[in-house]
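Presented below is the structure to which this report refers.
Labels below follow one simple rule: chain letters A, B, ... track the order of the sequence lines, proteins then strands, and each chain is numbered from 1. Only a predicted model underlies this, so the values are computations on that prediction, with no experimental measurement involved.
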Amino acid sequence: MAQTRFGKVDAIIEFPAREAEIRRFWSERNVFQRSLERRADGPRFVFYEGPPTANGLPHNGHALTRVMKDVFPRYRGMRGYSVPRIAGWDTHGLPVEIEVEKELRISGKDAIREYGVEPFVRRCLDSVFRYTEEWRQFTEKLAFWVDLDQPYVTYHESYVESVWWALSQLFEKGLLYQGHKVVWWWAQGGTALSAAEVGQGYKTVDDPSLYVRFPLRDRPGVSLVVWTTTPWTLPSNTFAAVKPGVEYARVRDGDDQLIVAAQLVGTLAEKLGRELPVEEVFSGETLIGERYEPPFDWYRDRVGDAKLWRVVGADFVELDAGTGVVHIAPAFGEVDFDLLRREQKSDPSLPLLCAVRPDGSFDPELADARFAGRWVKEADRDLTRDLKERALALHVEQVRHEYPFCWRADDDPLIQYARPAWYVRTTERVQEALEANAAIQWLPEHIRDGRFGDFLRNNVDWALSRERFWGTPLNIWINDETGAMAAPASVAEILERNPHAFASFDAALAEDPTLSPHLRVHKPWIDDVTWTREGEPGVYRRVPEVIDAWFDSGSMPFAQWGYPHRNREAFEAAFPADFISEAIDQTRGWFNSLLWISTLLFPDAEKPHPYRTCIVLGHVSDRAGKKESKSKGNYTPPEIILDRVRLEFAAIPSDAVAAGEIEIAREDYDGMDLRGDGTRVRVYRDGAEGEALDRTLRPVALPRRVARLTLADQRALGLEAAPRGEGTLPTEVPGLPPEQKVWIEDPSVAAPGADAFRWFFFASNPPWNATRHSLSGVRALQRELPLKLRNVYAFFTIYANIDDFDPAAAPCVAGKRAPAERSLLDRWILSELALANRRVIEHMDAYRVYEATGVLSEFVDALSNWYVRRSRDRFWAPGLEADKLDAHWTLYECLIASAKLVAPFLPYAAEDIWQNLARGPFPESDEESVHFCDYPGPDETALDEPLSRAMGALRELVSAGLQVRTAEKLRVRQPLEAAEIVLGVGASGDALAPYLDLMREELNVAEVHFVPKADEYVTYRIKPNFRALGPKVGKRMPALKAALAQADGASLLRELDAEGRVALEIAGESIDLTREELAVDLEAREGFAAASCGAGVVILRTTLTPELIAEGQFREVLNRIQTLRKELDLEYTGRIELTLAGDTELLEAVRPRAEELKRETLALALALESAPVDGAEVRELAIDDRPLTIGLRLAGN
RNA sequence: GGGCCUGUAGCUCAGUUGGUUAGAGCGUCCGCCUGAUAAGCGGGAGGUCGGAGGUUCAAAUCCUCCCAGGCCCA
């Protein structure tokens, strides 16, 4: 049988390139698909992918969500579950429309209508998948295994039909109704703006600030005083609100009486510049129900007996400004509107007064001639004048405040404005939603009662409709004569009503066969769908709105299957989800819409649904904890981790730059993880790497993402200056033409790669914490496990190949011994492995990925820094004796297990190891990929906790011993006579006796003893065991502590040992103390070369005999020769011939140990006191000032 | 303005039901080791645990208030 040669493992590796090879293997061998098939019969673990929008490029936050959504399904898959993973795309909504508007350089709904709804919608569709390819690559690079070939897509007809079904269910249950919603309205553009957009457009402006009298009808001469900064809303005034439970005052103002909140009388008096003596104080409630004269009479004769213009109570009334009486215009304020809705519960006839048309002008039907048709903001001044003339304005001034403007047209102020809207009556089912929420496992837990619970408890009805174009059309048709409504749940149901319903779309399709068939269920074509009914007058026409895109994504549990029109069983088998995860901003987004839709549609399903466990991810911030933002440029693009260490800069030629140099911002320099003040970099134009220049990069004070270069370099690279120079915003750089920007790349190191990125997100902190992201951070964590594991793996292949160790070969298999027969060290690391394995499973089952990475790191550290380190001489031993074979097997088993253990976290590294170490020897094995393997279960027989504890103590003692050497300036190469160990009180040397060889080697001492009578070396410090004594001793604790500190430790201990207890006199009382109630610390006495640790005290005998000195000198010589071997890059097995000459004492130290020297250095010949032979590599050096000449040449030359 | 979260070493983070010398990694300095290692080991410096009160024999941990940052809403 041919010997396996394991592939050579380079310690230095370009991870992105290696990962690409592995990715190719996965795709060629269809590994993901097959991993699913192999588990198809397993119990189901249901994962829902929250659909991203692909009309922007993926960023670091997406990387976090991708890897978190990957690690748990991978883990569960390896644990035997069937875990199908379907990708999804969120395709509808305002952001898409806005992108297209930008592209078309148009703005507003009228502009869209002018452009044409049909071509507009088609452009939306195109734009949705603009970055699909980037998303696919991003997803694949991060090894997020999800089925990208058969994704669910929210604009697809089958998806829309499912959403329609959901809406028709709500409609039939009476949970859909029409009302109004107050939105931030851009009147000139005829559109509502989202909160995020509004947030972008605040400006500081001066607005009028009015104090207005509302005369009470039934109390002549008495007026309420209200304060407003929007006079234009006064004609639509409906109520005046006061705060119940707060004191109000009636004050005298000349012949008038005014009513304001008692605590604001002074403020108002100051404004008016006159005394306002208080006549009466009363509680706010007593005002409720009072009628008043509205400030304008535009509605007076129009609204019949409706109980308008009266005082109502409201808790939101604030008393730190204004008058404590609030003007309520429900059409122009959200809280105002909610108040109207509240009042409508007892009096449904209350109208919504709105004297303003959607274009922001006063309605000529209502307004008097002076104001009809005028833009409301412009009318403020005349309205104010009118109020003054009628003596209703008590006081007028200007106020400077922040007010939102349209971010696209920044001269246009926004107004709050009530628009007709469709609502989902969620308030009726809050209790059920809360029950579902209570049953969900939220990670972190506080989301349940905190952020999300609060949100649910404060639920208001879901405003579902959007007056836009690109979205799922609201499937409600209204008879234009009778007002009857219908909500068909599918295309088929529409066709039943009118077989030619889609004639207009069919015609469009006939004209243009490239038209996506899915657009049949979209605007504008869906608006042409109508029908009539036998015996009923009128035509059913669809309402014009589309719906909130959150309803789309929240429907994915069933809509991804097209349920209930299709795939009923598939849906039922995959409901609810066991696990979902998104970032915290989805609390009110996807997490919310999923929960509500499920709660409303499936009231009988067992809770929680539609998800059982939800990990709420923190945001990814920059290295300073600031939100990453493309416009600030504090953004490390994911490519710098995944592909290459480079950034793109706007080119700024400057004659101030030194020849051969380039200057960028210090922040960008740090962002590329460059050190010092100058680094060699490559500079090139995009796509012209062949003509790259090598330059020295200098960090200076500059704005981000601009690079200053010399005029000569500018010419050499064929660049133009970026037109906006240093004022170029980071966000503009990608859009510059290629001749105005440069790439700057650090060619000295490869990017860390996808596994490193994944590990960073898992291992840096718990997933719900905000993560500070940087290249240096990723690299730091990469060293912690991925690189360490790779080093061990490389070590193994070196010696396995040297020894022809082959796990498939008969001699190796025959020589494989059970772990119990192997050496202590082997048994120890196998025990650690089993322990780590058990703990990783516990953590991962509980979704504690961060803790799981900690366990893995500790294990790999133990493997690398103790097992391999202590086993090195076993691997160097000649031949392949039993002990060496044990070492190979043990390390092999650890690596194979590690590959499986890390597979969900580091799918590439795991595959790399697996292919080389498992598939290499066993090419016919069933597990072609590590991702086909079962996750290992701990080998319970290998678990040996006493062994783990003992080795832990040993490692501590060794550390202490090394600490002594450091303190005494005794290098480890210098052998010492002995180490004495004083163990902690009560510990026995027996448990550690088997490890003393390890300790002798590690400390380089001839002997290790336990010292039975330790008083000579150490003192004992005795402290109370606070935890045990706390309840018993209570307030006397400080006194006890002091007494123990002063007592003689050794004699106390002797008494304890003899009597089993000691008695101490504290504050006149005697306290009996047992051994368990005391803690004893050892401390080395002065004058010894000693150090203490938790396990005990280590004392080194530091006297050097001539023999020890000679031994030390020999070690030095050996070290120099080995170093030379390494310098010369010799093969590990390469034989050499040696000559040594120089200091006599050195040579005499070597002479008796010549055989050992030859063995260790693989020297066939050793000549002392002889000159180097021809062709030898010669080194002249000194060891402690003693000259030595080494001549080394390869044997056989 | 409200809600939630976070604040521990220069940086990134741990820190069990409160238990008395607050830990790790990185960085830095000194030293060591190296025939796997972009490594590793030992040590030093570095902390009023955001601040102020309180509860307790005992507080990073529990309570109250305040400050700063983040997120979500207004």
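Nucleotides of RNA chain B nearest to A/Val792 and A/Tyr850 differ in position, and the one nearer the 5' end is that of A/Tyr850.
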N/O-N/O pairs, protein side and nucleotides 4-6 of chain B side, under 3.5 Å:
{"from": "B/rC4", "atom 1": "O2", "to": "A/Arg451", "atom 2": "NH2", "distance (Å)": "3.1"}

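Among the heavy atoms of the strands, none lies under 4.0 Å from A/Arg779. Nucleic acid contact for A/Phe760: none, since no nucleic acid atom lies under 4.0 Å from a heavy atom of the residue. Here A/Thr797 lies out of heavy-atom contact (under 4.0 Å) with every strand. Nucleic acid contact for A/Pro766: sugar-phosphate only, since backbone atoms but no base atoms lie under 4.0 Å from a heavy atom of the residue.
The phosphate of B/rA36 has OP1 or OP2 within less than 4.0 Å of a side-chain N or O from A/Tyr799. Not one side-chain nitrogen or oxygen of A/Asn791 sits closer than 4.0 Å to the OP1 or OP2 atom of B/rA38. Between A/Asn1025 and B/rG19, a side-chain N or O to OP1/OP2 separation shorter than 4.0 Å is absent.
Per the geometry, CZ belonging to A/Arg457 stands 15 Å off C1' belonging to B/rC73, to the nearest Å.
Closest contact between the side chain of A/Asp861 and the listed nucleotides B/rU34, B/rA36, B/rC41 involves B/rC41.
Looking at RNA chain B, the stems built from 3 or more consecutive Watson-Crick or G-U wobble pairs, each pair with its key distances under 3.5 Å, are B:1-7 with B:67-73, B:10-13 with B:23-26, B:28-32 with B:40-44, B:50-54 with B:62-66.
Under a 4.0 Å N-O distance rule, the pair A/Asp912/A/Arg790 qualifies as a salt bridge.
With sequence neighbours excluded, no residue forms a ring-ring contact (aromatic ring centres under 6.0 Å, His included) with A/Trp759. Under the salt bridge (charged side-chain N to carboxylate O under 4.0 Å, His left out) criterion, A/Arg1120 pairs with A/Glu1116, not counting sequence neighbours. Partners of A/Asp338 under the salt bridge (charged side-chain N to carboxylate O under 4.0 Å, His left out) rule, at least two apart in sequence or in another chain, do not exist in this structure. The salt bridge (charged side-chain N to carboxylate O under 4.0 Å, His left out) check on A/Arg1115 picks up A/Glu1111, A/Glu1156, with sequence neighbours excluded. Taking the side-chain hydrogen bond (donor to acceptor under 3.5 Å, both in side chains) definition, one finds that A/Thr797 meets it with nothing, sequence neighbours left out. Remark: A/Glu1177 engages A/Arg1179 in a salt bridge (charged side-chain N to carboxylate O under 4.0 Å, His left out) (not counting sequence neighbours). Considering only residues two or more places apart in sequence or on other chains, A/Phe762 meets the ring-ring contact (aromatic ring centres under 6.0 Å, His included) condition with A/Phe905. Checked against side-chain hydrogen bond (donor to acceptor under 3.5 Å, both in side chains), A/Gln782 has no partners two or more places apart in sequence or in another chain.
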Where protein sits on nucleotides 54-59 of chain B, one letter per nucleotide: B base, S sugar-phosphate only, - none, heavy atoms under 4.0 Å: ---B--

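Put simply, the side chain of A/Trp596 reaches to within 4.5 Å of the side chain of A/Asn592, judged on heavy atoms.
Evaluation of atom-type donor-acceptor distances gives a pair under 3.5 Å for the side chain of A/Ser864 against the base of B/rA36.
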Run the side-chain donor-acceptor check on residues 860-868 of chain A: report pairs under 3.5 Å with partners two or more places apart or on a different chain.
{"from": "A/Asp861", "atom 1": "OD1", "to": "A/Lys788", "atom 2": "NZ", "distance (Å)": "2.9"}
{"from": "A/Asp861", "atom 1": "OD1", "to": "A/Asn865", "atom 2": "ND2", "distance (Å)": "2.7"}
{"from": "A/Tyr867", "atom 1": "OH", "to": "A/Asp826", "atom 2": "OD1", "distance (Å)": "2.6"}

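For the C1' atoms, the distance linking B/rU61 with B/rA14 amounts to 14 Å, nearest Å.
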